[in-house]
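Working notes, structure below.
Every value quoted in this text rests on a predicted model; they were computed, and no experiment measured them. Lettering follows sequence order; numbering is per chain, from 1.
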2 protein chains.
Amino acid sequence: MVRPREFDEQEALSAAMRVFWEKGYEATSMGDLTERMGIGRPSLYAAFGGKRELFEAALRAYTKSSLVYIENKLRSATSVRQSLIGYFQGMVDGSAGNNPDFGCLCVNTMVELAPHDSLFADITGEYQTRLTELFRQLIDNGMRSGELPGRLNPSSTARLLTLSAIGLSVTMKAKPDREYAKQVAAEILTLLE
Amino acid sequence: MVRPREFDEQEALSAAMRVFWEKGYEATSMGDLTERMGIGRPSLYAAFGGKRELFEAALRAYTKSSLVYIENKLRSATSVRQSLIGYFQGMVDGSAGNNPDFGCLCVNTMVELAPHDSLFADITGEYQTRLTELFRQLIDNGMRSGELPGRLNPSSTARLLTLSAIGLSVTMKAKPDREYAKQVAAEILTLLE
DNA sequence: CCTATTTTGTACTCATCGGTACATAATGTT
DNA sequence: AACATTATGTACCGATGAGTACAAAATAGG
């Protein structure tokens with residue numbers, strides 16, 4: 001009935017996510033976006049609305065896939081301790097594969113946009129809540145199985161792990177010193193003793 | 001011999017620091033700066049060089065005064081544990097007085113500028129190193145006096161405290177939930193048990 | 001094959017960006 | 001009081017920002 005889209009919306013969104021991830025929201029121009037997404041300006045506006053809306057879509061896509069990735073990663077190991085080692089070491093090793101060393105888009109957004117824009121405060125807050133919930137369940141399981149000491153408070157410990165993840169993300173982004181970060185990542189696990 | 005400056009350079013720099021602190025580097029315009037600093041554009045350029053140079057000066061002033069403030073805060077308490085409680089609770093309570101809830105300028109810079117600008121990676125890295133050193137000394141003292149258990153590794157624990165401080169700063173900035181943050185801040189101290 | 005409909009590329013809009021030229025005002029020295 | 005020197009305010013610069021108008025191109029249905 002009409003002329004079809006010449007680009008894949010998911011791919012374009014993924015490319016946009018990368019750019020925002022690398023440069024931040026303010027420092028990313030529409031020119032950067034169209035170039036990396038491989039589409040023209042009007043196509044971008046027609047498909048996504050505008051810079052802010054595009055960023056929102058990119059951030060939502062990020063949180064979704066990131067949480068799925070983390071959930072799988074935490075599930076894949078043989079013990080609670082191994083799960084967390086895998087998670088934190090993974091952050092250090094360039095996020096285990098396809099992710100560049102630009103920290104966590106969600107953390108970046110917490111710093112750049114959340115204080116002035118409640119929409120992004122909500123989205124990032126939700127991400128944090130769900131990440132903490134994943135940690136809490138994991139700790140709960142570990143305590144039930146006897147792997148972890150019974151005196152831990154699962155909720156508090158989970159919050160502390162989230163806090164550590166945020167700190168590690170920022171540290172890795174600012175100064176990607178693998179050796180240093182690996183030590184810190186290992187040290188985080190002493191929280192479980 | 002000549003016409004003197006009509007503004008106080010320290011005050012102007014302090015005002016600039018505040019603006020960068022609140023809005024971030026990219027989102028701050030020269031207009032924002034001149035307005036809040038109460039000076040004209042040419043005066044700003046004559047006195048500070050340009051936006052980047054002004055930011056550098058503001059960041060250096062921040063790190064300097066912040067480290068002095070933290071050092072005093074840590075020294076003022078009667079025990080190591082009380083020192084750290086004071087420090088972390090202080091971050092939550094709106095930085096104990098004169099600081100708004102915009103996190104730590106240094107952490108903000110680690111996220112926004114450090115990955116793309118080695119000058120700021122260096123400045124923020126130095127800040128982090130010195131903060132960690134303050135923590136390490138404190139822990140060392142606590143272990144010597146017998147307040148802290150002997151099995152702690154002062155360096156590792158200090159790094160973990162720095163990581164937690166970063167995480168708490170980001171969390172507070174994004175979603176200033178005092179009650180939540182207070183709990184997390186208290187939980188951080190379990191690292192010392 | 002023709003037409004209605006949507007996408008695409010080019011070229012623009014206006015606002016704002018960081019930075020500056022220049023004339024005027026204010027000082028210390030003589 | 002006159003001058004050299006520096007600070008200030010106005011008014012500007014070219015570049016770039018996000019967003020859009022419009023015509024050409026590409027499809028599906030008739």
B/K51 vs A/V2, nearer the 5' end of DNA chain C by closest nucleotide: A/V2
Nucleotide of C/dC17, D/dG17, C/dT8 approaching B/S29 most closely (side-chain heavy atoms): C/dC17
Whole angstrom value for the distance that separates P of C/dG18 from CG of B/L54: 11 Å
B/R41 (side chain) and D/dG9 (base): donor-acceptor pair under 3.5 Å: no
Transitive ILVMFWY side-chain link A/V170 to A/F88, under 4.5 Å: no
Main-chain N/O of A/S29 paired to A/D32 side chain as donor or acceptor, under 3.5 Å: yes
Length of the CD-C1' vector between B/E9 and D/dA7, whole Å: 13 Å
Side chain of A/Y45 - closest among C/dT8, D/dG19, C/dG18: D/dG19
Spacing between B/F48 atom CZ and C/dG19 atom P, to the nearest angstrom: 14 Å
Separation of atom CD in A/E26 from atom P in C/dG18, rounded to whole Å: 11 Å
5′-ward residue of the pair B/Y25/A/I39 relative to DNA chain C: A/I39
Spacing between B/E53 atom CD and C/dG18 atom C1', to the nearest angstrom: 12 Å
Same apolar cluster: A/W21 and A/V111, side chain cutoff 4.5 Å: no
Touch class at under 4.0 angstrom, heavy-atom based, for A/T34 against every strand present: nothing
Interatomic distance, B/R5 CZ vs C/dA26 P [rounded to whole Å]: 17 Å
Side chain of A/S43 (C-beta onward), nearest among C/dT8, D/dT6, C/dT5: C/dT8
Rounded interatomic separation in angstrom, taking CE from B/M30 and C1' from D/dT16: 16 Å
Nucleotide of D/dG9, D/dA24, C/dG19 approaching A/R3 most closely (side-chain heavy atoms): D/dA24
Ring centres under 6.0 angstrom apart (B/F120, B/F55): yes
5'-most by nearest nucleotide on DNA chain D - A/P42 or A/P4: A/P42
Length of the CG-C1' vector between A/D32 and D/dT16, whole Å: 11 Å
Pair B/Y25-B/R52, side chain to side chain contact (heavy atoms under 4.5 Å, CB included): steps then yes or no: CA-CA 9 Å; B/Y25 180 78; B/R52 197 183 121 105; 3.6 Å; yes
